[in-house]
Amino acid sequence: LSTPAQPSSGSYDVVIAGASFAGLAAAQALSRQSATRVLLLDRKPIGDGVTSACAAPVGIVRALGAERTILEVHDTLVIHTPGRSTAWPLPEPFCTFDYARLCRDAAAAAGVGSALIEFCLGSVRHRNGDVVQTSAGAVRAGFWIDATGPRAALAGPRAPRYAAFGIESEIHHRVEPGLHFYFVPEVRDGYAWAFPCGGATRFGVLSYRGRTRLAGALEQFMARFGARPGPRHGGYLATGWSGQVADDVFVVGDAAGHCLPISGEGIRTAVLAGFVCGTLLRGVLNGEMTRGDAARRYRTFVAADRRRYRALLFANLLLLGLPQRVLGPAARTLAHPALLRWFFRHYLGIFSAGAAPTSREASPAAASGS
Ligand SMILES: Cc1cc2nc3c(=O)[nH]c(=O)nc-3n(C[C@H](O)[C@H](O)[C@H](O)COP(=O)(O)OP(=O)(O)OC[C@H]3O[C@@H](n4cnc5c(N)ncnc54)[C@H](O)[C@@H]3O)c2cc1C
């Protein structure tokens, strides 16, 4: 993909700020409306600047048209606590994937780079009505989608928001298959992880309280494996379910606080919300519904899972208050097949009204749950 520094025009039907998981999913949904002019804007070239450990359901990666970027498939989640490890079989396979290649494949599947879906390098600065000032010049649009991640550059962060912080390092080192989560003294207010990805492993640490000084904790954690961190990346994970449509801006992914409490999983929700949001705006541009209908349906889609979100948030607060020694028995209790089925049905049910692989086809009615 070429990365032009200027949009070809000053005016578009839709401008999507942020070309990562949420933004690319929205672009794919919009690309099915042949006459729509879309500008995708990001401060970095598509696929640059990974922050994530990039573990997600295989179905989500497939729905983005990026299956060949999968590095390793995982059928088990393993919870490690002091003195005990418990395996939770996953009801659907997850995978670790290559972020840069996934973004490029998802962009190609959306037709980014064509006359109708342009990409431009540019950083969003501020908005005044339907005009946004960017580092690439002023842009006007009928609709705006904010997919800029935790900072919500277009919509601006709204309360209540909670942000965890995590860092990780990928090195050539093998661990047992599975997605491994560790509740260890190195990060008492969070967890650590080891996600195998082909010949390498992604080791990371996360603080639920948003502590950013985690380099020492990562070093200590990796020393358990006789390993040392290589290059590091990371950032904030924004949760909070905080306002989905603000001043005509549709907000998706981490920008809307869609990252889930406890797990820190935000790729699945960003992609599913992106698909639904893009599908709804496509409906407006097709003349099938009004702007107000689309906003209402998008709010309804998100609100449908508010209770599940709050349950996760509550469990997260509880977990912060519990001593680590009780987490092992808790993980073992939850490993009972009936309980685990119940848990995953609710957990993986979040945003499943726009579920993969049919998300790109999701009708607005399905999206609204009506
Ligand atoms: C260390 C770590 C590990 C994680 N591991 C996992 C995991 O294994 N699985 C999982 O599901 N989730 C994980 N997450 C969470 C997940 O990465 C996020 O929830 C997800 O990336 C959100 O996607 P998004 O598209 O909303 O935002 P982002 O992926 O943050 O993308 C935002 C995009 O907007 C662009 N942008 C930002 N500001 C501007 C601006 N002003 N102008 C223009 N463009 C801008 C950025 O360059 C970027 O491309 C992890 C997060 C961290 C920090």
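Note: hydrogens, waters and symmetry copies are ignored here, and every other heavy atom, side chains too, is used. Numbers for residues simply follow the sequence, beginning at 1. Start at 1 and go down the list; that is how both ligands and their atoms are numbered.
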S.K.: Relative to ligand 1, is Ala153 under 4.0 angstrom through side chain, backbone, both or neither, heavy atoms considered?
M.R.: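 Just the side chain.
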S.K.: Of the backbone atoms (N, CA, C, O) and the side-chain heavy atoms from C-beta on, which set of Val124 has a member under 4.0 Å from an atom of ligand 1: side chain, backbone, both, or neither?
M.R.: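 The answer is both.
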S.K.: Would you mind telling me if ligand 1 is within reach of the side chain of Cys54, the backbone, both or neither, using heavy atoms under 4.0 Å?
M.R.: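 Cys54 to ligand 1: backbone contact only, side chain stays beyond 4.0 Å.
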S.K.: Answer side chain, backbone, both or neither: which part of Phe195 comes under 4.0 Å from ligand 1, heavy atoms only.
M.R.: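 The side chain, only.
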S.K.: Short question: side chain of Tyr309, backbone of Gly240 - any donor-acceptor pair under 3.5 Å?
M.R.: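 Pair found, side chain donor or acceptor close to backbone of Gly240.
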S.K.: Which is it for Glu168 and ligand 1 at heavy atoms under 4.0 Å: side chain, backbone, both or neither?
M.R.: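 For Glu168, there is no contact with ligand 1 at all, from either part.
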S.K.: With backbone taken as N, CA, C and O and side chain as the heavy atoms from C-beta onward, which portion of Cys259 lies under 4.0 Å from ligand 1: side chain, backbone, both, or neither?
M.R.: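 Just the side chain.
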S.K.: Determine, using heavy atoms of Gly122 and all atoms of ligand 1, whether some pair is separated by less than 4.0 Å.
M.R.: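 It does; at least one heavy atom falls under 4.0 Å.
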S.K.: Indicate whether the side chain of His233 and that of Thr51 have a donor and an acceptor atom separated by less than 3.5 Å.
M.R.: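 No, Thr51 and His233 have no side-chain donor paired with an acceptor closer than 3.5 Å.
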S.K.: Could you tell me if Arg268 sits above the aromatic ring of Phe351, with its cationic atom closer than 6.0 Å to the ring centre and no more than 45 degrees from the axis?
M.R.: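 Arg268 over Phe351 ring: no.
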S.K.: For ligand 1, does Ser52 get within less than 4.0 Å through its side chain, its backbone, both, or neither, judged by non-hydrogen atoms?
M.R.: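 It is both parts that get close, each with some atom under 4.0 Å.
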S.K.: Is it true that Thr69 and Asp98 share a donor-acceptor pair across their side chains at a distance under 3.5 Å?
M.R.: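 Short answer, no.
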S.K.: One residue to check: Ala147. Relative to ligand 1, which of side chain, backbone, both or neither has a non-hydrogen atom less than 4.0 Å away?
M.R.: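 It is the backbone that gets close, since no side chain atom is under 4.0 Å.
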S.K.: To the nearest 0.1 Å, how far is atom 47 (O) of ligand 1 from its closest protein heavy atom, and which atom is that?
M.R.: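 For this ligand atom, the closest protein heavy atom is Asp42 OD1, 2.7 Å.
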S.K.: Regarding atom 36 (N) of ligand 1: of the candidates Arg43, His126, Arg202, Arg125, which has the closest heavy atom?
M.R.: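 That would be Arg43.
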S.K.: Run down the list Ala55, Ala25, Ser263 and name the one with the heavy atom closest to atom 8 (O) of ligand 1.
M.R.: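 Residue with the shortest heavy-atom distance to the ligand atom: Ala55.
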